[in-house]
A.B. asks: 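Sharing a structure, written as structure tokens. Questions coming.
Note that the structure is a prediction, hence the values are computed from the model and not measured. We're numbering straight along the sequence, starting at 1. Both counts, for ligands and for their atoms, begin at 1 and track the order of listing. Only this structure's heavy atoms are used, side chains among them; waters, hydrogens and symmetry mates stay out.
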Amino acid sequence: MFDISKLQVKPGDKVKLNRIDPQETIGWDGERDEAEARTLQLNTRLEALQELLYAEGKHRVLLVLQAMDAGGKDGTIRHVLDGVNPAGVKVASFKKPSALELAHDYLWRIHARTPANGEMVVFNRSHYEDVLVVRVMDLAPKAVWSKRYDHIRNFEQLLVDEGTTIVKIMLHIDKDEQKERLQARLDEPEKNWKFDPGDLAHRERWQDYMDAFEDALNETSTKNAPWYVVPANRKWYRNMAISEILVQTLDGLNMEFPPAPPNIASTIIPD
Ligand code: ATP
Ligand code: MG
């Protein structure tokens with residue numbers, strides 16, 4: 001059994017990102033092809049669990065994905081959610097806030113996209129940008145962003161109290177891996193569209209981002225809304241680890257199909 005707790009930031013712990021090797025395959029000593037086979041099995045399991053989530057219509061599931069540029073958020077969504085029923089799963093991508101969004105508090109746009117009963121929502125970036133990019137690129141003064149860890153803990157607790165299961169994952173790549181992936185966006189014509197020259201300004205501030213990530217992880221990993229740091233240089237390991245986290249979290253909800261309508265055994269469908 002893959003032990004997902006090894007990837008979890010324990011509440012109260014002080015995680016140090018430079019002590020987690022993005023190349024590692026924590027909790028897994030098998031080969032790549034075994035991991036890929038396992039991911040396929042987990043996909044099938046996730047499909048069934050998501051069907052149950054949708055049918056039962058009781059729980060709400062929120063998966064938050066954060067990473068540096070080219071960290072693999074899109075690829076994760078593509079691989080991990082392969083096969084789930086699109087009717088019950090939504091992806092919410094958070095970009096630079098619009099003028100309307102900026103005219104509200106930073107959680108306004110976030111709250112509006114949180115999952116309803118029976119839904120699973122994946123946040124591709126999230127309210128954590130408001131203590132990451134906002135902090136590193138000085139988009140708000142420290143007096144403003146430093147209060148947000150408290151807001152976020154309280155906001156997430158509200159969601160949990162009202163029936164949401166929250167899983168937060170940081171895809172942890174290193175600077176060399178990012179260079180390779182950004183270079184591929186320049187070199188491969190079909191990836192050119194993904195290249196954003198603005199990413200280079202963020203890359204220059206790599207260490208500041210790591211510091212901001214560490215504070216976010218340490219301040220907001222709670223029992224009810226834990227953070228997982230997934231080494232993500234190797235995509236096959238990343239996909240398997242995230243599938244495991246999702247499957248084990250959904251399994252823990254002990255969901256059941258709703259009771260069958262009465263007299264189902266004796267009901268005859270007329271010709
Ligand atoms: P990729 O990783 O493939 O480049 P992406 O998630 O970066 O995909 P983009 O559309 O390129 O998608 O970028 C979204 C941008 O929006 C990021 O630079 C991010 O930092 C920025 N952003 C998101 N939320 C906020 C926020 N609250 N304030 C300011 N900028 C934000
Ligand atoms: Mg980008």
A.B. asks: Quick check: Arg109 and ligand 1, any N/O pair under 3.5 Å apart?
C.D. replies: yes
A.B. asks: Could an N or O of ligand 1 be found under 3.5 Å from any N or O of Lys95, whether backbone or side chain?
C.D. replies: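 Indeed, backbone or side chain, Lys95 has an N or O that close.
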A.B. asks: Would you call Arg135-Asp215 a salt bridge at under 4.0 Å N-O?
C.D. replies: yes
A.B. asks: Identify which of Asp130, Val136, Val133 has a heavy atom lying nearest to atom 27 (N) of ligand 1.
C.D. replies: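 Closest candidate by heavy-atom distance is Asp130.
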A.B. asks: Walk me through whether Glu47 and Asn43 qualify under side-chain hydrogen bond (donor to acceptor under 3.5 Å, both in side chains).
C.D. replies: CA-CA 6 Å; Glu47 259 181 80; Asn43 272 346; over 6 Å; no
A.B. asks: Please report which non-hydrogen protein atom sits nearest to atom 11 (O) of ligand 1, along with the residue it belongs to and the distance in Å to one decimal place.
C.D. replies: Asp196 OD2, 4.1 Å
A.B. asks: Of the protein's non-hydrogen atoms, which lies at the shortest distance from atom 18 (O) of ligand 1, and what is that distance?
C.D. replies: His202 NE2, 4.0 Å
A.B. asks: In this structure, does ligand 1 have an atom that sits under 4.0 Å from one of the heavy atoms of Glu101?
C.D. replies: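 No; Glu101 lies far enough from ligand 1 that no heavy-atom distance drops under 4.0 Å.
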A.B. asks: Could you check atom 7 (O) of ligand 1 against the protein and tell me its nearest heavy-atom contact, residue, atom and distance included?
C.D. replies: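 That would be Arg125 NH2, 2.6 Å.
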A.B. asks: Just jot down the side-chain hydrogen bond (donor to acceptor under 3.5 Å, both in side chains) partners of Ser126, sequence neighbours excluded, or say none.
C.D. replies: Gln66
A.B. asks: Salt bridge or not between Lys147 and Asp150? Use side-chain N to carboxylate O under 4.0 Å.
C.D. replies: no
A.B. asks: Minimum heavy-atom separation for Asn192 to Leu186, with atom names?
C.D. replies: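 Nearest heavy atoms, Asn192 then Leu186: ND2-O, 3.2 Å.
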A.B. asks: Looking at Asp208 and Arg205, is there a salt bridge between them, counting it only when a charged N and a carboxylate O are closer than 4.0 Å?
C.D. replies: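 Salt bridge present between Arg205 and Asp208.
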A.B. asks: Among all the protein's non-hydrogen atoms, which is closest to atom 8 (O) of ligand 1, and how far away is it?
C.D. replies: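 Answer, as residue, atom name and distance: Lys73 NZ, 4.0 Å.
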A.B. asks: Can you report which non-hydrogen protein atom sits closest to atom 28 (N) of ligand 1, along with the distance?
C.D. replies: Pro97 CD, 3.4 Å
A.B. asks: Do me a favour and list the nearest non-hydrogen protein atom to atom 20 (O) of ligand 1 with residue, atom name and distance?
C.D. replies: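 Looking at atom 20 (O) of ligand 1, the protein heavy atom closest to it is Glu129 OE1, 3.1 Å.
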A.B. asks: Provide, to 0.1 Å, the distance between atom 3 (O) of ligand 1 and the closest protein heavy atom, together with that atom's residue and name.
C.D. replies: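 Going atom by atom, the protein heavy atom closest to atom 3 (O) of ligand 1 ends up being Arg185 NH2, 3.3 Å.
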A.B. asks: Considering only non-hydrogen protein atoms, determine which one is nearest to atom 21 (C) of ligand 1 and report residue, atom name and distance to 0.1 Å.
C.D. replies: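 Looking only at protein heavy atoms, the one closest to atom 21 (C) of ligand 1 is Lys96 N, 3.8 Å.
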